[in-house]
Amino acid sequence: MSLRLTNSLSRRLEVFQPLAPGQVSIYCCGVTVYDLCHLGHARSYINWDVLRRHLIWSGYRVRFVQNYTDIDDKILRRAAEEGSSMAAVSERNIEAFVADMARLNILPADRMPRATGSLAAICALIGELEAKGAAYSADGDVYFAVMRHAGYGKLSGRDLGEQQQNAAGRVASEEEARKQHPFDFALWKGAKPGEPSFDSPWGPGRPGWHIECSAMVRAELGDTIDIHLGGADLIFPHHENEIAQSEAATGQELARFWLHNGMVNVGGEKMSKSLGNFTTIRALLDSGVSAMTLRLFVLQAHYRKPLDFTTEALEAAATGWKGLNAALTLAAGSDGERAAITPAQPASDPAALAPELAAARERFATAMDDDLNTSAALAVLFELARPLRALANRLERGDAAGGDPALGPALHQRGELLLELAAVLGLRPEAVSTPAAFAAGGPDQAAIEALIEQRRAAKACRDFASADRIRADLLQQGIELIDRPGGHTEWLRR
RNA sequence: GGCGGCAUGGCCAAGUGGUAAGGCAGAGGAUUGCAAAUCCUUUACCCCCAGUUCGAAUCUGGGUGCCGCCUCCA
């Protein structure tokens, strides 16, 4: 079965066929680096990372480009607020972005161009549009003329003739006055006094938002790419405008497939900076939610549907991940390379797999090929994991034959397959947080361990009342005790 | 107002014509000094109405409810 994806252009499921056999070019709209990334970004980039991994796993060579928007009003405002510069704000947030993505096990893009590094290409493109009559300049600004571009609105289903021209009062009226049509958008904005600016044939200023993507796609990947990615909130106007600019300039179709991910909601509303209902990726991860838990949470839903962020759902994902992680950890063994498994050609030879495992692999591939049905794919992972979890627990209790996790050929093969398929979803064994990692607050480690020793002594004398009191007291202070086989007691902060 | 999407058990969520995956929670069991953890087993007729069909959660028409975009936004 071949990969089918929902193409926003047709709003239909289409069989994916790259332009050049065996290789796929992808452009993903990146972030405006004025602040830290939140869970909406996490969802988007986790999903696209999975698309990329699935393509690689399926045997394609993938070239993946993602931009940084580092010229923007919000960055300027932020810089002004903190008395620093646009470059400083951008640099800081780019570093944070890279770190956050790495924590989520999102593969770095092959190229990550910045708007500030693409000015020559941007100006060239604007010049081309102006020369072709698709754009006009007005008072130092340059605008794209939507009425002169046949097909404007094809992505978002907007009809210029029928559109309510309700932009009045929402957009700076002076800018509105310069436009020939309300939907015309700025390719170049002339600098206002005191603003940082870049030189251009139209005078000092800075590029509009949409043009950078058109310029970067062309510079990095060519006139027509296979897949263009972004959040559903970018369909209009951003992607619509991108299409108009690029296609007016090149005469070629910009992207053959457009994929859009659904929003992360909080209490039924979209998570966004303006609503103030966002949680940053690092705040969540630093609060003790593991990166793989977040990944599982995201992948349990289909990428196109809205995903409601609730603590209940997140806790469910955490518990689910715990089980999966136990199986993955056992399968990976002590081999460090295993933990760092990267997607590649199929690691297992399907022909050599036991029938049950071959069927599981097939179900996984079919699910992923069906518009990235990660929810169904995860079900396969959970089923593969079950016997491994059971063994992991038996080993922990010490009642499995032999101390060595010699899995036996069948379980070994199952473990290998589980690791292979999990890697397609970017899921990898994750070290369980150690008490040391939660060293802040409450009783210190030495005190806790002293109490554990007291309790052990009490239990040895069958003084369970004292033992239970110690356990209850510690729980009051947020310390949970877990008795393990062999009289050993572990603890963790709740 | 225009465009688009969604509605499946207590919660999350697959399934697009043949009698409902998976996860969480719950229940029962095993285990445990008791707990926790772990393992096993177990729980639905799919928003409403009317159609099409031998047969629909799945197709058609009409409702109802919710969300996104139309302004920066993943």
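Below, read A as the first sequence line, B as the second, and so on, with proteins coming before strands; counting in each chain starts at 1.
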Please determine if a side-chain N or O atom of A:Asn265 lies less than 4.0 Å away from the OP1 or OP2 oxygen of B:rG68. no
As a test of reading the structure: which of B:rG33, B:rA74, B:rC69 is closest to the side chain of A:Met263, going by heavy atoms? B:rA74
Go through B:rA74, B:rA13, B:rG15 for me and flag the one nearest to the A:Leu234 side chain. B:rA74
I'd like the [atom1] distance from [M] over to [N], given in whole Å.
{"N": "B:rG18", "M": "B:rA13", "atom1": "P", "answer": "24 Å"}
{"N": "B:rG4", "M": "B:rG23", "atom1": "C1'", "answer": "30 Å"}
{"N": "B:rC67", "M": "B:rG55", "atom1": "P", "answer": "38 Å"}

Taking for each residue the nucleotide of RNA chain B bearing the nearest heavy atom, is the 5' side occupied by A:Arg304 or by A:Tyr45? A:Arg304
Closest nucleotide of RNA chain B for A:Ser156 versus for A:Val380: which of these residues is on the 5' side? A:Ser156
Identify the two heavy atoms, one from A:Glu430 and one from A:Ala291, that lie closest to each other, and give their separation to 0.1 Å. OE2-N, 3.4 Å
Do [X] and [N] share a donor-acceptor pair, side chain to base, under 3.5 Å?
{"X": "A:Ser272", "N": "B:rA74", "answer": "no"}
{"X": "A:Asp468", "N": "B:rG33", "answer": "yes"}
{"X": "A:Arg471", "N": "B:rA36", "answer": "no"}

Axial cation check for A:Phe198 ring with A:Arg206, 6.0 Å and 45° limits: no
Once you apply the 3.5 Å cut-off to both distances, tell me the Watson-Crick or G-U wobble partner of B:rU31, or none. none
Listed by chain and number, what are the salt bridge (Lys or Arg N to Asp or Glu O under 4.0 Å) partners of A:Glu383, not counting sequence neighbours? A:Arg363
